[in-house]
Participant: 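Encoded as structure tokens, here's the structure I'll be asking about.
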Amino acid sequence: MRWLVGWSSIAANFGTAGRVSGGPAAHGAGVSGPTGHGPSGYGASGYGPSGYGPSGYGPYADPPRGGLADAAHPDDPAAPDAERTVHPVGAQLLWGDPDPLWAVGDWRPDEIRTVTADPADPFTRLAVLGCCGATDAELRRALYAARGGALRHLTEWSGSYTAVVQAGRRITVLGDLAGARPVFYTPWAGGTAYATAALPLADLIEAQLDIGHLAALLACPDSPEALGDGTPYVGVRRIPPGHTLILREGSREITGYEPVASLAVAAPEADPEGAVEGVREALVDAVRARLTAPRHAPETLAPDPGPVPGMGPADRRAARGAPAPGVGADLSGGSASATLALLAAGLPGAPGTLPGSGSRLLAVTFNDLATPQGREPELERAHAIAADPRLHHVVVAAAAEALPYAELDGPLTDEPGPSLVSAARERRRLAAGSADHFTGHGARQVLDAHPARMADLLLDRRRRHLLRPVAALARSAPEGPLLVPFSVYSAARRLARTPYRAGIEAAAARLREGGVGAGVGAGPTGPVDASLAALTWSRPGPAARWLTGEALAEVSIRLAAAAGRPPLSLRPGEARARAVLARHAADHRVFEQAVEVRSQRLHAPFLDNQVVRAARALPESLRVQPGARAAILRGVLASAGVRELPPGWGATTHTPNETATRLGLRAALPELLALFHAPLLADAGLIDTRAVRQALTDAAEGLPVPLDGLAELVSMELWLRRLLSRRGTCWTGTTTPRRRAFPHPPSHLPRLTAR
């Protein structure tokens, strides 16, 4: 994992990130940023006349050697931790005390940029980590504005990044709009520690598992009311998407940086053509930000064994686990991946490959030989798109060895996520990709209309825009199409007339009464059933049917408590769409960690701030129309000069994925039954073991069982086992023994009890 971590403490007299040889611990020391420009360039820090440390220890003092230094006075709030010198394992210090900041992991040099406003004021500085399209001059101008309190402009550059601003003793950490780059925080050492990963903070405070949060993840994964700002670790909190964490000498403030729409009147209808043009500009800028970044060759791996019958050089490289140099993209035949591939290949200039390696973009298509039926149209569209001479097409074929649940061993991720069961399958595909690889993740959640947006149209008295989506749902119904329009309209009207508090309280009562069997999907459901189930303020997740009564009661208490708090939006469609996007962004972050290929970066431009903003400007009347996402992306490509697309472009089907999932369950059934012989989830009081084992057997036999719910259960059980078998910690350099997080053995796993 790659993450950044820092803290802000109440005490203003600390050493520079640790003990410094040749002087007391409170003496300052400077550090140059990764770009190496010294004190007048990026990353300069130091003490002197600014008043944050004794004079005479300027930017050219001895380098820092640790973490939190000794407190200057015994009555400081940090005095209990005064003997500790803590710093992250494998970290590089971006700036030092009194509010240090580290970058941890295999960051590329161009992914870490630090700017200082003035050499005479080294404590006004900005750090940007990730892919950011801003120039150095733009970063410096933004720092001047952020010093006065303006923050939103720091999130308006193309790319995906995390920004940290220091202005004196005020630290500001900005999260993104989708939630793919979250920010976590926890009280520590008389102040607040923050990071872009939750596990390091759990190690720092030696946190225990939050079983109630795990129950909420299984019962209501799409409901922020149930999840709140919690994480799987007690005491570690997450700031909501679109918010920023402001620390002033240890005190905390969480505030949003997006303007709040008026609730008195509806927003004026946006111009559809202008909104689509905004999406095109945002996507093009997002892709260009990745293409203009420096290219990186994969690190040296095992030597090539030479010619192998039936394997080309690319196949041998993928077998050794090394991505190709340059830029690539997924090409599944769907509209999202095809749009990114064509945009990246069509921008002026070569897509940034290494000299001599060619200038074509590497397009990767996965061909599942275990489920050949049903995906023929998608593969044909992928081949037709790959006929573009600017694309180099690679087809990764795999059979039973790449089915879901085939390989359940993998790395420990920051949080649990359903992608853990298919990580080996996706890693096989991505290993054949490039060092910088585009994916279409998030396009459906960003561009499509959540079914609850039909209630928003009714609130705005735009009933005529419901005719086409309701008619499309009626045509998709296998039987009884005459009743579909009435059922959908009634459900949307009922949601529009249900206040937020009443809707959340009804969802809490449903969980408390155990009524989660119906409506969560007993098997494959059609578009009509899915739309009707989504027309609610909150609904149980697919795994809720296997939770115990105590777990459901705990989640119902969380929902009932949240009903009394004001929501971010009183419009059900907007609120549900943002919640689904946040859940998908969190799952995508787990996906990145689970399928990580060394020296490879996955890029999801649809989750960038500017793309999310442009998509939110799309009128709801356009979103709810059938095939809206394909039409929007077709307009994006047409504006970019791509007008010839294969027949059927934009059509999607999920049947092959379900077939592959059932085949994988059937093949891995003995291992899965052994996994749930004595599951940790049952030790925590979350599930009924016999019911889960029976559901696994039924799913392998083809009976109607919610497969998504089983994936969530298996993934969480795998994550718990990896977490509790973990050794070591993310921190080092202490003078007193420190334990890793969750020091208790699995037999002492905290058990959930409803309050």
Side-chain angles (χ1 to χ4, degrees), residues 1-8 86 88-91 101-105 129-130 162 164 173-176 178-189 191-218 221 224 226-241 243-245 247 252 254 410-420 582-594 596 684 712 715-716 718-726 728-731 738-743 749-750:
M1 292 192 298
R2 293 176 302 277
W3 43 282
L4 65 89
V5 61
W7 59 66
S8 175
V86 184
V89 176
L101 178 67
W102 291 272
V104 186
L129 288 87
T162 301
V164 182
V173 191
L174 291 94
D176 64 338
R181 284 186 170 270
V183 177
F184 305 89
Y185 66 94
T186 184
W188 182 73
T192 300
Y194 61 89
T196 54
L199 182 58
L201 296 183
D203 275 345
L204 184 65
I205 64 174
E206 299 178 357
Q208 294 297 316
L209 280 171
D210 188 346
I211 303 300
H213 182 82
L214 298 181
L217 273 177
L218 294 175
L227 298 174
D229 62 349
T231 65
Y233 317 98
V234 175
V236 180
R237 300 295 179 184
R238 178 200 309 259
I239 70 170
H243 285 66
T244 181
L245 175 66
L247 306 176
R252 292 185 299 274
I254 298 175
L412 173 64
T413 57
D414 194 40
E415 297 178 288
S419 59
L420 296 184
R583 183 71 257 151
H584 177 80
D587 291 340
H588 172 74
R589 179 171 169 271
V590 175
F591 169 83
E592 283 186 307
Q593 298 169 2
E596 184 177 11
E712 293 177 1
S715 296
M716 187 168 291
L718 289 173
W719 181 81
L720 284 174
R721 290 177 180 267
R722 294 173 187 175
L723 180 67
L724 295 179
S725 63
R726 169 176 173 254
T729 177
C730 296
W731 300 85
R738 289 180 61 83
R739 302 170 298 173
R740 64 183 177 88
F742 316 112
L749 191 70

Participant: Distance-only, no hydrogens or angles: does the His243 side chain make a donor-acceptor pair with backbone N or O of Pro241 under 3.5 Å?
Facilitator: yes
Participant: Among residues at least two apart in sequence or on other chains, which ones pass side-chain contact (heavy atoms from CB on, under 4.5 Å) with Ala197?
Facilitator: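 Testing Ala197 for side-chain contact (heavy atoms from CB on, under 4.5 Å), a comparison that skips the adjacent residues, returns Trp3, Pro200, Asp414, Arg589.
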Participant: Minimum heavy-atom separation for Val104 to Ala91, with atom names?
Facilitator: CG2-CB, 3.6 Å
Participant: Are Leu247 and Tyr185 packed together at the side-chain level, in the sense that at least one heavy-atom pair is separated by less than 4.5 angstrom?
Facilitator: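 No, every pair of side-chain atoms sits at 4.5 Å or beyond.
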Participant: Find out whether Leu420 and Thr413 are in side-chain contact, i.e. whether some heavy atom of one side chain is under 4.5 Å from a heavy atom of the other.
Facilitator: yes
Participant: List the atom of Gly179, the atom of Pro182, and the distance in Å for their closest heavy-atom pair.
Facilitator: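 Looking at all heavy atoms of both residues, the shortest contact is O-CD, 3.6 Å.
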Participant: From Thr196 OG1 over to Leu4 CG, what is the distance, rounded to the nearest 0.5 angstrom?
Facilitator: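 Interatomic distance, Thr196 OG1 to Leu4 CG, rounded to 0.5 Å: 4.0 Å.
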Participant: Does a side-chain N-to-carboxylate-O contact under 4.0 Å join Arg237 and Asp210?
Facilitator: no
Participant: Only one of Val89, Leu204, Asp203 forms a side-chain contact (heavy atoms from CB on, under 4.5 Å) with Thr729, so which one is it?
Facilitator: Asp203
Participant: Holding to side-chain contact (heavy atoms from CB on, under 4.5 Å), I want the full list of residues that pass it with Pro416, two or more places apart in sequence or in another chain.
Facilitator: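 side-chain contact (heavy atoms from CB on, under 4.5 Å) list for Pro416, sorted by chain: Leu214, Leu217, Pro232, Met716, Trp719.
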Participant: Kindly indicate whether the side chain of Phe184, heavy atoms from C-beta on, has any atom under 4.5 Å from the side chain of Asp229.
Facilitator: no
Participant: Does the pair Arg2/Glu596 count as a salt bridge with the N-to-O cut at 4.0 Å?
Facilitator: yes
Participant: Any non-hydrogen side-chain atom of Tyr194 less than 4.5 Å from a side-chain atom of Val164?
Facilitator: yes
Participant: Could you walk me through whether Trp188 and Trp7 pass the side chain to side chain contact (heavy atoms under 4.5 Å, CB included) check?
Facilitator: CA-CA 8 Å; Trp188 182 73; Trp7 59 66; 3.6 Å; yes
Participant: Once rounded to the nearest 0.5 Å, what's the spacing between atom CG of Leu174 and atom OG1 of Thr244?
Facilitator: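 Going from the CG atom of Leu174 to the OG1 atom of Thr244 covers 3.5 Å.
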Participant: Over all heavy atoms of both residues, which pair between Thr186 and Gly235 is shortest? Give the atoms and the distance, please.
Facilitator: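 That would be OG1-O, 2.9 Å.
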Participant: Applying side chain to side chain contact (heavy atoms under 4.5 Å, CB included), run through Ile205 and Val236 and close with a yes or a no.
Facilitator: CA-CA 9 Å; Ile205 64 174; Val236 180; 4.1 Å; yes
Participant: Listed by chain and number, what are the side-chain contact (heavy atoms from CB on, under 4.5 Å) partners of Ala216, not counting sequence neighbours?
Facilitator: Ala226, Leu227, Val555, Arg558
Participant: Indicate yes or no: at least one non-hydrogen side-chain atom of Val5 is less than 4.5 angstrom from one of Pro88.
Facilitator: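 With C-beta onward as the side chain, the pair touches.
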Participant: Only counting residues at least two apart or in another chain, list the ones meeting side-chain contact (heavy atoms from CB on, under 4.5 Å) with Ala178.
Facilitator: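 Checked Ala178 against side-chain contact (heavy atoms from CB on, under 4.5 Å); matches are Asp176, Leu581, Ala585, Leu607, Val612.
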Participant: In this structure, which one of Ser715, Pro418, Pro221, Ser419 forms a side-chain contact (heavy atoms from CB on, under 4.5 Å) with Asp587?
Facilitator: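 So the option named by the test is Pro418.
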Participant: If you round to the nearest 0.5 Å, how far is CG of Leu245 from OG of Ser8?
Facilitator: 9.5 Å
Participant: Do Leu209 and Leu723 have side chains that get closer than 4.5 Å, going by heavy atoms?
Facilitator: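 Answer yes - side chains close enough.
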Participant: With sequence neighbours left out, what residues match Arg721 under salt bridge (charged side-chain N to carboxylate O under 4.0 Å, His left out)?
Facilitator: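 For Arg721, the residues satisfying salt bridge (charged side-chain N to carboxylate O under 4.0 Å, His left out) (neighbours in sequence not counted) are Glu717.
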Participant: Just to verify, what does Arg238 make a salt bridge (charged side-chain N to carboxylate O under 4.0 Å, His left out) with, not counting sequence neighbours?
Facilitator: Glu415
Participant: Do side-chain atoms of Ser725 reach the backbone of Arg722 as a donor and acceptor pair under 3.5 angstrom?
Facilitator: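 Side chain of Ser725 to backbone of Arg722: a pair is present.
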Participant: Anything under 30° is parallel, anything over 60° is perpendicular, the rest tilted; go ahead and classify Trp102 against Trp731.
Facilitator: perpendicular
Participant: Please report the closest heavy-atom contact between Arg252 and Gly191, naming both atoms and the distance.
Facilitator: NH1-O, 4.4 Å
Participant: Is the shortest heavy-atom distance from the side chain of Leu199 to the side chain of Leu412 under 4.5 Å?
Facilitator: yes
